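Bear in mind that the values here come from a model prediction, so they are computed numbers and not experimental data.
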Amino acid sequence: MKFIKFTTLILVVAIIVAILSYQKVISKILLPQYIDWAYETDRQGLESGTPLNSQELFLANDIGIQNPEKVRIAYVDEVPFPYENFALKILGEALGFIGEGIINNAQVFGYSIYVRNGYELNRPKLAHELVHVLQIERTSLDHVITQHFSDLAEYGYDKAPLEVEAFKANNEYASDW
């Protein structure tokens, strides 16, 4: 009987420690893995993507991007995510990046904008993505990823501050070309 009580106590303590340390696991282990993957994804997008055309460059300048000539748009069948990393896959599902019924149409990694084939990247939608480029340019990819993951967990996608700022561009640049 003592063994069962002791084992139960150890199990309860282990569960409490795991619950209290999940943020450390995310910030110290998973986030750096995702950030490394995101830098590599940006590098690949810069190599394979196409530069902005003159209208798109004008929009990027108007939004305030300092180096719009660096921006590349990479059209892909599926916006990349590190599915091969089981822990990041679970985190992505928990934050709403991926999962059943979720279609990621576009995502920014540094100066690379990945766009799902078939998704119409019109002026308001491109403005939204360019604001994300601007956010990264203002700080760093590391900082934006860290803030965005934290904001998604706290506020959800629609109320996350970085998304709120980007959605304002959807409205400001609502008219099409």
Revision key, fill the gap. One should read off an interatomic distance between D142 CG and I136 CD1, to the nearest 0.5 angstrom, of 10.0 Å
Check your understanding: Residues in side-chain hydrogen bond (donor to acceptor under 3.5 Å, both in side chains) with N170, at least two apart?
Key -> H128
Check your understanding: Does L130 reach the side chain of Y173, with side-chain heavy atoms less than 4.5 Å apart?
Key -> no
Practice item. On the 0 to 90° scale, with breaks at 30° and 60°, tag the Y114-F109 ring pair as parallel, tilted or perpendicular. Key: perpendicular
**Study point:** Hphob cluster co-occupancy, L95 + I102, side-chain heavy atoms under 4.5 angstrom
**Key:** no
Practice item. For residues P80 and T41, report the shortest heavy-atom separation together with the two atoms involved. Key: CG-CG2, 3.7 Å
Check your understanding: Going from CD on Q44 to CZ on R72, what distance comes out if it is rounded to the nearest 0.5 angstrom?
Key -> 15.5 Å
Point to revise | Heavy atoms of other groups near D77 CG, more than 12 under 6.0 Å | key: no
Check your understanding: With a 4.0 Å cut-off, would you call E165 and K168 a salt bridge?
Key -> no
Review point. Any donor-acceptor pair under 3.5 Å linking the side chain of E137 with the backbone of Q66?
Key: yes
Check your understanding: What closest approach, in Å, do G99 and E93 show between heavy atoms, and which atom pair accounts for it?
Key -> CA-CG, 4.4 Å
Review point. For the hydrophobic clusters of this structure (ILVMFWY residues joined by side-chain heavy atoms under 4.5 Å, transitively), does one cluster hold both I90 and L30?
Key: no
Review point. Is a side-chain donor or acceptor of Q135 paired with a backbone partner of L162 at a separation under 3.5 angstrom?
Key: yes
Point to revise | Spatial distance of atom CZ (F149) from atom CG (L91) [nearest 0.5 Å] | key: 5.5 Å
Exercise for review: For L59 and A127, work out which heavy atoms get closest and say how close.
Suggested key: CD2-N, 4.0 Å
Revision key, fill the gap. dist N67:CG -> L134:CG (nearest 0.5 Å) comes out at 11.0 Å
Check your understanding: What closest approach, in Å, do R116 and I103 show between heavy atoms, and which atom pair accounts for it?
Key -> NE-CG2, 3.4 Å
**Study point:** Backbone of L88 reached by a side-chain donor or acceptor of N85 within 3.5 Å
**Key:** yes
Exercise for review: Determine whether I73 and V76 fall in the same hydrophobic cluster, where Ile, Leu, Val, Met, Phe, Trp and Tyr are linked whenever their side-chain heavy atoms lie under 4.5 Å apart.
Suggested key: yes
Check your understanding: Salt bridge or not for E129 and K125, using N-O below 4.0 Å?
Key -> no
Check your understanding: At what distance, to the nearest 0.5 angstrom, does NZ of K159 lie from CG of D151?
Key -> 13.5 Å
Review point. So, the side chain of R123 versus the backbone of S175: is there a donor-acceptor pair under 3.5 Å, distance only?
Key: yes
Check your understanding: Mind checking whether F81 and Y34 have parallel, tilted or perpendicular rings, split at 30° and 60°?
Key -> tilted
Review point. Could you give the distance from NE2 (H148) to NE2 (H132), rounded to the nearest 0.5 Å?
Key: 6.0 Å
Practice item. For the pair N104 (side chain) and E78 (backbone), establish whether a donor and an acceptor sit closer than 3.5 Å, ignoring hydrogens and angles. Key: no
Point to revise | Closest non-hydrogen atom pair, Y155 against A160 | key: CB-N, 3.9 Å
**Study point:** Close side-chain approach of I35 to T146, heavy-atom, < 4.5 Å
**Key:** yes
Check your understanding: Just wondering, are more than 12 heavy atoms of other shown residues or ligands nearer than 6.0 Å to CZ in F58?
Key -> no
Review point. Does V164 share a hydrophobic cluster with V108, counting links as ILVMFWY side-chain heavy atoms below 4.5 Å and allowing steps through other members?
Key: no
Check your understanding: What is the minimum heavy-atom distance between L52 and P68, and which atoms define it?
Key -> CD1-O, 3.8 Å
Review point. Can you name the residues that form a side chain to side chain contact (heavy atoms under 4.5 Å, CB included) with A174, not counting sequence neighbours?
Key: none
